[in-house]
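The structure under discussion appears below in the form of structure tokens.
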Amino acid sequence: MKIGSPERPLFVAIVGSGPSGFYAAEALLKTKDLSVRVDMFDRLPTPYGLVRGGVAPDHQKIKSVTIVYEKVAANPAFRFFGNVKLGRDIQVEDLTKRYDQLVYAVGNESDRRLGVPGEDLQGNHSATAFVGWYNGHPDWRAQSFDLSQESVAVIGIGNVAMDVTRILAEDPERLKGTDIAGYALEALRKSKVKTIWLLGRRGPAQAAFSPAEIQEIGSLESADLVVVGSETSVGPESQKDYADPENKKNADYVGLKAKAGEGSRPKKVRLRFCVSPSEVIGKDGKVAALKLEKNKLTADAAGSVKASGSGQFETIPVGLVFRSVGYRGIPIAGVPFDDKAGKIPNQNGRVQGAPAQYVVGWAKRGPSGLIGTNRADSVATVKAMLEDAAAGKFGAGAVDADEKSVPALLQSRSVRFVTFADWKRLDAIEIEAGKAKGKIREKFTTIPEMLGALDPNKGPVSV
Ligand code: NAP
């Protein structure tokens, strides 16, 4: 029987239910003349990965992309197994025995460090932690941030740094109708943060933020975006970068902002260029200041611009530091991992050394790109999967094609897996709870709360 025929559909497991996972499922389910069954696993009971746990609560339009994912999930050939963690509840071997192909869509769950003295002081946080906290991600629910500090620093000037800065600088009353976690809204209402230092190691023509993101910060009613004029000039080494329209928009915009001066709004976002933190300075075990080294920029033969220290230092007083210098993956038992690059080693999505295993999204290419970037990326991996399937290139052993096999295995291990219908129940409860407070939704922020809402009487799991 040909695999991929109506008599014997192709069985695919996708691990991870963020955008890259859903786009892979969509591409598979839309393939003409292919019979396929897709099972998607997620360690959380809730789907959508970074769309739920990463995208900022004041960016609801971006979150509306879940409408597309709901359509994918409505396909009868698709099943969701939430609250199932690979490496804990189910192993790679369990999957390779039951699926023809495996797709890792596990994202980047950790973050890069700066590697400077003082990084372990209390008050030094990753942007990942702060983003997860205000978004009600169960991993970060228990975190706390000392928002009684008046001056804080955000290191890195990518779009994650923009999100962190905006949430700190925004008037909390403008967030109250969103899906921000209730506890985070309360903490932000009490926040004393007045100055946010936003620190870029290279110049305005190399800034990683998008024009729309920096302009959103520059348009806040609650804060002035203050830029040092002398740091906005674009030198000869940066002309190649400046020729890029997005970079030009960024550099021109911050140049204009520098001319606007200090402004009169209650909070200040102090954007600096060509500075690198060289030490987080502590007092009584807590962050008290940040030592910065001024950088000079040089371009190599290809025009790529690098920052290097100039030997000139300054110290700024800050009580909290958020490093926002990029994400990295974490290894999963039984899955190849390139520790240096922080991702799953692959060639065009084919995992190296693991036949019939594939990778999509940030786990494949590293932490770059917008949500939409993942669609073409997942389609490319699916193309490789279908080429391999057509050539009969599968894993070594026979596959147990019984669709009851996985639910039965999970039940035998007492894993309370969450189906898509279960998620829709949680979704409805969250929306209802939000209505009572004038919010889009009030999220569940712990796994026991979610499971408790699904099984008030601990009834049996229906498949
Ligand atoms: P990113 O865009 O790669 O930005 C990382 C920033 O950290 C850069 O400014 C980088 O500077 C800096 N950096 C790296 N190492 C550093 C070091 N040792 N010292 C000082 N600075 C350092 O990453 P991201 O902000 O985490 O975003 C990840 C992806 O998600 C991006 O593609 C982003 O556009 C996307 N995203 C989009 C949105 C949105 O559209 N609203 C929101 C969030 C995230 P260099 O440039 O000098 O390396």
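As the structure lists them, so they are numbered: ligands from 1, and atoms in each ligand from 1.
Residues passing the salt bridge (Lys or Arg N to Asp or Glu O under 4.0 Å) test with Asp120 are Arg113, sequence neighbours excluded. The ring pair (Phe, Tyr, Trp, His ring centres under 6.0 Å) test applied to Tyr253 returns no partner, not counting sequence neighbours.
Remark: ligand 1 atoms within the under-4.0 Å shell around heavy atoms of Tyr327 are 26 (O).
By the 30° and 60° cut-offs, the orientation of the rings of Tyr134 relative to Phe130 is perpendicular. Using the six-membered ring where Trp is involved, Phe41 and Phe81 have ring planes that are parallel, under 30° apart on the 30 and 60° scheme.
With hydrogens and angles left out, the side-chain atoms of Arg141 and Thr445 include a donor and acceptor closer than 3.5 Å. A donor-acceptor pair shorter than 3.5 Å cannot be found between the side chains of Gln60 and Thr178.
Between Phe22 and Tyr48, the ring centre distance stays below 6.0 Å. Taking the centre of each ring, Phe80 and Trp423 stay at or above the 6.0 Å mark.
A heavy-atom separation below 4.0 Å is found between Ser368 and ligand 1.
Taking each of Asn159, Leu50, Ile155 in turn, the one with a heavy atom nearest to atom 34 (O) of ligand 1 proves to be Asn159. Comparing Glu216, Glu213, Gln206, Arg202 by heavy-atom distance to atom 46 (O) of ligand 1, the nearest is Arg202. Nearest-heavy-atom check against atom 45 (P) of ligand 1 across Arg201, Arg113, Arg323 picks out Arg201. The closest non-hydrogen atom to atom 6 (C) of ligand 1, taken over Gly326, Cys274, Ser324, comes from Ser324. When the heavy atoms of Gly158, Gly203, Ala161, Gly369 are ranked by distance to atom 1 (P) of ligand 1, first place goes to Gly158.
Residue contacts with ligand 1, taken as heavy atom pairs separated by less than 4.0 Å, involve Leu114 solely via side-chain atoms from C-beta onward. The side chain of Asp163, and not its backbone, has at least one atom closer than 4.0 Å to an atom of ligand 1 (non-hydrogen atoms only; side chain from C-beta on). Only the side chain of Trp362 comes within 4.0 Å of ligand 1, counting heavy atoms alone; its backbone N, CA, C and O stay farther away.
Atom 3 (O) of ligand 1 is not flagged as protein-proximal [any protein heavy atom, distance under 4.0 Å].
Inclusion of Ile157 in the set of residues having an N or O under 3.5 Å from an N or O of ligand 1 is warranted.
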